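What follows is one structure encoded as structure tokens, with my remarks underneath.
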Amino acid sequence: MDEINFAVLGTGGIGRRALDYSTQKDHLTPVAACDRHGVAVDHDGLDVDELLAATEGNIANDGGTQTVKQSGSMKGVAASAQADPTETPIDDIIDVSDAIDAVLIALPNLEHDFVPNVGERFAEAGYEGVLVDVLKRSRVIDILDAREETYEDSGITFVCGAGATPGFLTGAAALAAQSFVEIEEVEIWWGVGLKSGYEDNRGTVREDIAHLDGYDIETARNLTDEEIEEIVEEHDGRIEFNDMEHADDVLLERAGICDAEDVTVGGILDVRSDEKPTTTTVSVTGRTFDGERGTNTFQLDDVTSMEANVNGPALGYMKAGVRRNRAGEYGVFGPADLMPGF
Ligand code: IKT
């Protein structure tokens, strides 16, 4: 595979990890990254270590350009020696997107149409390449589908829901479904232990809280960090989620595997332990062509971290998207579309 020059929008937990992860994957060169206040572009490849240190706000005051860049109140990407402050980070990346094969949208989708709108901005600028997101909610897929023509006309291959769930586990369900001619049920049950990664994953915790009874995206967005702490405290640090609105359901239906209503997603988040509170499992129950009823089960190892299970697949799906894009296939693709057909 030819080298892939990619950009990351957002340097929260997912954006930073994707940059870090990419340094250990073949054929991936991160050439641009941004957050709300800064943009870094280097077509020869970013210095990821320096950028990560800057986005964690812990570049040592060790002299040289870094200190100069760090002066004042610059935070995040803008504090990097490779970056410039900006008020238009996404437009700045769009401006150099001719030289970018793929863009990972690692921004919280705090309004349902936010990620689709970002895609539209790239399309309007005539971007020809891959967009990958790690969005969660089922209803966003419809919004993306409604704009498919816009992305297609531009030459965009949009790979949506490419994190863990939806993403990795949706792909696993699509694979597990291959033994069957009819699917009865798909159950996704995840476990995440986040003690040492809690600070870095506040965004995902907030998104998860939006799934609890009495909360939605709007109310979760407005919670202060203290209020989130209180909710975590009320659950003794271990929160169980059932019937989550996760796009695995519509993405499996879209790929013709089963009805969305036959898919359930739930799991347990423990912010006081690094150990997974339960083993992440995908169970696909169906009928075989020769009349058996069976359940194929796919499990993640308890020692593979959420970070590995989100970012590895996101970059893997990015590569799959680039292959499609280079073959002239444009439009909206879910993780199950990039697996064997059903
Ligand atoms: C996500 O980021 O895809 C969703 C999160 C669950 C991740 C599951 C990882 C499982 C594992 O590592 O075993 C959560 C719903 N925010």
Side-chain angles (χ1 to χ4, degrees), residues 8 10 12-18 21 104-110 115 132-138 140-141 159-173 186-212 215-217 220-221 223 228 231-232 235 237-252 263-271 273-283 297-318 334-336:
V8 175
I14 292 177
R16 280 211 311 280
R17 292 263 153 56
Y21 206 126
L104 175 63
I105 307 173
L107 300 164
N109 191 44
L110 292 175
V115 167
V132 182
D133 71 52
V134 288
L135 61 81
K136 309 281 191 327
R137 297 263 174 178
S138 306
V140 184
I141 308 302
V159 184
C160 60
T165 158
F168 192 15
L169 304 183
T170 330
V186 174
E187 273 184 278
I188 294 176
W189 184 248
W190 53 264
V192 170
L194 268 190
K195 187 171 181 218
S196 47
Y198 184 35
E199 288 305 314
D200 283 343
N201 288 292
R202 283 181 176 276
T204 199
V205 175
R206 187 182 289 275
E207 271 188 305
D208 285 347
I209 285 174
H211 290 272
L212 290 176
Y215 296 91
D216 58 22
I217 291 212
R221 180 177 45 214
L223 290 171
I228 288 184
I231 295 166
V232 167
H235 289 81
R238 198 177 158 122
I239 312 179
E240 181 167 328
F241 301 88
N242 290 289
D243 286 327
M244 301 177 86
E245 183 204 334
H246 263 220
D248 308 80
D249 56 358
V250 291
L251 290 168
L252 288 167
V263 181
T264 54
V265 180
I268 306 178
L269 170 70
D270 190 338
V271 299
S273 166
D274 281 331
E275 273 178 34
K276 293 186 189 181
T278 181
T279 298
T280 297
T281 307
V282 180
S283 309
T297 305
F298 169 95
Q299 284 191 341
L300 297 187
D301 197 308
D302 288 341
V303 301
T304 60
S305 63
M306 177 182 81
E307 290 82 353
N309 294 323
V310 170
N311 292 287
L315 294 174
Y317 281 122
M318 177 190 281

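Atoms within a ligand are numbered from 1 in the order they appear, just like the ligands themselves. From a predicted model like this one, the values you see are computed outputs, not experimental measurements.
When all heavy atoms of P335 and G171 are compared, the closest pair comes out as CB-N, 4.3 Å. Here the closest non-hydrogen pair linking L252 and A336 is CD2-CB, 4.2 Å. Residues P313 and A308 come closest through the heavy atom pair CD-O, 3.5 Å. The two residues I14 and N311 make their nearest non-hydrogen contact at O-OD1, 3.2 Å. Across every non-hydrogen atom of R16 and D200, the tightest pair is NH2-OD1, 3.0 Å. Across all non-hydrogen atoms, the minimal contact from G197 to D274 is N-OD1, 4.4 Å.
For atom 1 (C) of ligand 1, the closest non-hydrogen atom on the protein side is K136 CE, 3.3 Å. Nearest protein heavy-atom neighbour of atom 12 (O) of ligand 1: N309 ND2, 2.7 Å. Protein heavy atom nearest atom 10 (C) of ligand 1, with residue, atom name and distance: T280 OG1, 3.3 Å.
Close to ligand 1: G191, with a non-hydrogen atom less than 4.0 angstrom away. Ligand 1 is approached by M306 to a heavy-atom distance shorter than 4.0 Å.
The shortest N or O to N or O distance between V310 and ligand 1 is not under 3.5 Å. Ligand 1 has a nitrogen or oxygen under 3.5 angstrom from a nitrogen or oxygen of D208.
The side chain of H246, and not its backbone, has at least one atom closer than 4.0 Å to an atom of ligand 1 (non-hydrogen atoms only; side chain from C-beta on).
Residue K136 forms a side-chain hydrogen bond (donor to acceptor under 3.5 Å, both in side chains) with just one option from E245, H211, E207, and that option is E207.
Every atom of ligand 1 with a heavy atom of L300 under 4.0 Å away is listed here by number and element: 11 (C), 13 (O). Close approach of ligand 1 to K276 (heavy-atom distance below 4.0 Å) involves ligand atoms 11 (C), 12 (O), 13 (O). Near T204, the atoms of ligand 1 lying under 4.0 angstrom from a non-hydrogen atom of the residue are 16 (N).
Put simply, the side chain of T264 never gets that close to the backbone of E187: no donor and acceptor are under 3.5 Å apart.
Distances from atom 3 (O) of ligand 1 to the heavy atoms of T279, T165, V134 show the closest one on T165.
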